[in-house]
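First up is the structure itself, then whatever we jot down about it.
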Amino acid sequence: MPLISVLAKMEMRGISLDTDILKDLSLRAGEELEVLSDEIYRLSGENFNINSPKQLGEILFEKLKLPGGSKTKTGYSTSSNVLEPLKDHYRIVSLVLDYREINKLKTTYLDVLPGLIDTFTGKLHTSFNQMITSTGRLSSSNPNLQNIPVRTEFGKLIRKAFKPSSEENILFATDYSQIELRILAHYSDSERLIKAFQDGRDIHSETARDIFELPSDAVIDSSMRRIAKTVNFGILYGISDFGLSRNLGIDRKEAKKYIESYFFKFPGVKDYIDRVILEARKNGYVTTISGRKRHLNRISDRNMNIRKGEERIAVNAPIQGSAADIIKLAMIQIDREIDDRKLKTGMVLQVHDELIFDIFPGEFDTVCRIVKTHMEKACKLGVPLIVEFKKGIDWYHMESFQVL
DNA sequence: TCGATCACGC
DNA sequence: CTCGAACGTGATCGAA
């Protein structure tokens, strides 16, 4: 039953890393940083440490008098939340954001990962920690391979360096489709949510139709879908009108309207939230689908900030934690079957709702079946669990495909 | 050495 | 009227 041996095997197996690719990217990043910092200094009229939020804040908000005053006790906030709205009006802000992105990638990944390759195995070996998180998720450290960039194009290039263990092998990635929203559908027993998943519909577009009160055949444009997607994520995290308004860049009134119409259309979700908070107050903890507890000792605290914070945790922990339970069960079963069949293919990474395998020649079809079956049947919910598949010669060139 | 800030992932 | 997303790891700054 234990997961620990599965994790141990993954850690020992490691993953191949092409350091030439990272060295090349690091060089490019260095040149780009040079150009960006020169231009930032020119526009500032002086040299300073761009990596120092204190110095940067003083340059932007005192010397150059950009709008957007102080925010923290230590001085001006220069977080991307603050800088993002300014970047179209002030070139220096746009350059700073670019600098931050490139510098992050260079110092956290490009210049660090090659030095962590094990001299004996020639591979990268992470540590998967089971005893760290409060929800039951795994964490990964030294190096953290659960936060390899994917969002920006330059960041995604880093994934070209992650390769299967030989030229003949294939990298294979599977991920649960919307597992947390499916768990919410299961717990809330929301008729509309369950129906949407049973019919295999795009859940964010469906949500958009509901909160904007559109007919079921209405075409959903990208901005409506984006709003609905943010609302869905907000629900999972224990939503508030303030949080949603900040995330969508709209005023609080409007955010409140979205939330109200969401709860009107998905009353089961509203009930779930109320129910899980009451449960936390009564028991002092909430539980996941396999019975893991998250203690919430301050759920009835007099301080509203603390209380609201605990309530958000009460809403989110059963969802995030159950997703963690489910993928762990799948990992154990997949590992056992690979072992029983004496296959050489091995699991190499887990990224919360995603598994990555190093597939050996001749084992592809077998492994696809095994992984699909165990992931989709790991837990019986009120909605189907669906898994999506990708394969490729490295972690960048991944192509979707169907497993029947 | 360590808290604060920032940014990467889900 | 407060504060303000859930869960992590890690690089860097700068005060202690």
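Just so it is clear: chains get the letters A, B, ... in the order the sequence lines come, proteins before strands, and each one is counted from 1.
For A:Ser80, the side-chain atoms get nearest to B:dA7 when compared with the rest of C:dG14, C:dC3, B:dA7. For A:Val351, the side-chain atoms get nearest to B:dC10 when compared with the rest of C:dA5, C:dT9, B:dC10. Side-chain atoms of A:Ser139 lie closest to C:dT9 of the nucleotides C:dT9, B:dC10, C:dG10. When distances run from any side-chain atom of A:Asn129 to the nucleotides C:dT12, C:dT9, B:dA7, the shortest one goes to C:dT9. Of the candidate nucleotides B:dC6, C:dC13, C:dA5, B:dC6 has the atom lying nearest to any side-chain atom of A:Arg100. Distances from the side chain of A:Asn147 to the nucleotides B:dG9, C:dA11, B:dC10 place B:dG9 closest. Taking every side-chain heavy atom of A:Thr107 into account, C:dA11 is the closest of C:dA11, C:dG10, C:dC7. In the set C:dG10, B:dG9, C:dC13, C:dG10 carries the atom at the smallest distance from any side-chain atom of A:Lys104. Checking C:dA5, C:dT2, C:dT9 against every side-chain atom of A:Met304, the shortest atom distance belongs to C:dT2. If you check C:dC13, B:dC6, C:dT9 against the side chain of A:Ser79, the one that comes closest is B:dC6.
Within the nucleic acid shown, A:Asn51 comes within 4.0 Å of sugar-phosphate atoms alone, with no base atom in reach, counting heavy atoms only. Heavy atoms of A:Ile148 sit under 4.0 angstrom from primed sugar atoms or phosphate atoms, though from no base atom. Within 4.0 Å (heavy atoms only), A:Ile132 reaches sugar-phosphate atoms of the nucleic acid but no base atom. Residue A:Ser127 is classed as having no contact, given no heavy-atom separation below 4.0 Å to the nucleic acid. Contact annotation for A:Glu101: backbone-only contact, meaning every heavy-atom pair under 4.0 Å involves sugar-phosphate atoms and none involves a base. Backbone-only contact: A:Ile313 has heavy atoms under 4.0 Å from sugar-phosphate atoms and none from a base. The residue A:Gln320 sits close to a base: some heavy atom pair falls under 4.0 Å. A:Val315 comes within contact range of no nucleotide atom at all, as no heavy-atom separation falls under 4.0 Å.
Rounded to whole Å, atom P of C:dC7 lies 17 Å from atom CG of A:Asp353. Taking atom CG of residue A:Leu60 and atom P of nucleotide B:dC6, one finds them 11 Å apart after rounding to whole Å. Rounded to whole Å, atom P of B:dC6 lies 14 Å from atom CG of A:Asn49. Separating the CG atom of A:Asn103 from the P atom of B:dA7 is a distance of 11 Å, rounded to the nearest angstrom. Taking atom CG of A:Asp111 as the reference point, atom P of C:dG10 lies 16 Å away to the nearest angstrom. Straight-line distance from the CZ atom of A:Phe128 to the P atom of B:dC10: 14 Å, rounded to whole Å. Separating the CG atom of A:Asp175 from the C1' atom of B:dC10 is a distance of 11 Å, rounded to the nearest angstrom. A:Asp241 places its CG atom 12 Å from the C1' atom of C:dC3, with the value rounded to the nearest Å.
Aromatic ring orientation, A:Phe401 versus A:Phe389: tilted (interplanar angle from 30° to 60°). Note on ring orientation: taking the six-membered ring where Trp is involved, the planes of A:Phe172 and A:Phe364 are perpendicular (angle over 60°, cut-offs 30° and 60°).
Distance check, rounded to the nearest 0.5 Å: CZ of A:Phe48 to CD of A:Gln55 gives 7.5 Å.
Mapped onto DNA chain C by nearest heavy atom, A:Pro53 and A:Arg252 fall at different nucleotides, with A:Arg252 at the one closer to the 5' end. Along DNA chain C, the nucleotide nearest to A:Asn303 and the one nearest to A:Asn316 differ in position, and the one closer to the 5' end is contacted by A:Asn303.
Of the nucleotides present, none pairs with C:dA5 by Watson-Crick or G-U wobble criteria with both distances under 3.5 Å. Nucleotide B:dC2: paired with C:dG14 (Watson-Crick or G-U wobble, both distances less than 3.5 Å).
C:dG4 and B:dA4 have their P atoms separated by 13 Å, given to the nearest Å. With C1' as the reference atom, B:dC8 and C:dC3 are 25 Å apart, rounded to whole Å.
One finds a side-chain N or O of A:Ser77 lying less than 4.0 angstrom from the OP1 or OP2 phosphate oxygen of B:dC6. The side chain of A:Gln55 contributes an N or O atom lying less than 4.0 Å from OP1 or OP2 of C:dG14. Not one side-chain nitrogen or oxygen of A:Ser141 sits closer than 4.0 Å to the OP1 or OP2 atom of C:dG8. Dashed line: the shortest gap from a side-chain N or O of A:Asn142 to OP1 or OP2 of C:dG10 is under 4.0 Å. Contact between the side-chain N/O atoms of A:Arg312 and the OP1/OP2 oxygens of C:dG4 is not found at any separation under 4.0 Å.
Between the base of C:dC7 and the side chain of A:Arg137 there is a donor-acceptor pair shorter than 3.5 Å. The base of C:dG4 is paired with the side chain of A:Ser240 by a donor and an acceptor separated by under 3.5 Å.
The shortest distance between side-chain heavy atoms of A:Ser140 and A:Asn129 does not fall below 4.5 Å.
Using a cutoff of 4.0 Å between basic side-chain nitrogens and carboxylate oxygens, A:Lys195 and A:Glu206 are not scored as salt-bridged.
Here A:Tyr396 and A:Phe162 keep their ring centres 6.0 angstrom or further from each other.
A side-chain N or O of A:Thr78 and one of A:Arg100 form a donor-acceptor pair less than 3.5 Å apart. Side-chain contact of A:Asp241 with A:Ser245: a donor-acceptor pair under 3.5 Å is absent, judged by distance alone.
Once the 5.5 Å centre distance and the 30° plane angle are applied, the aromatic ring of A:Tyr237 is found not to be stacked with the base of C:dA5.
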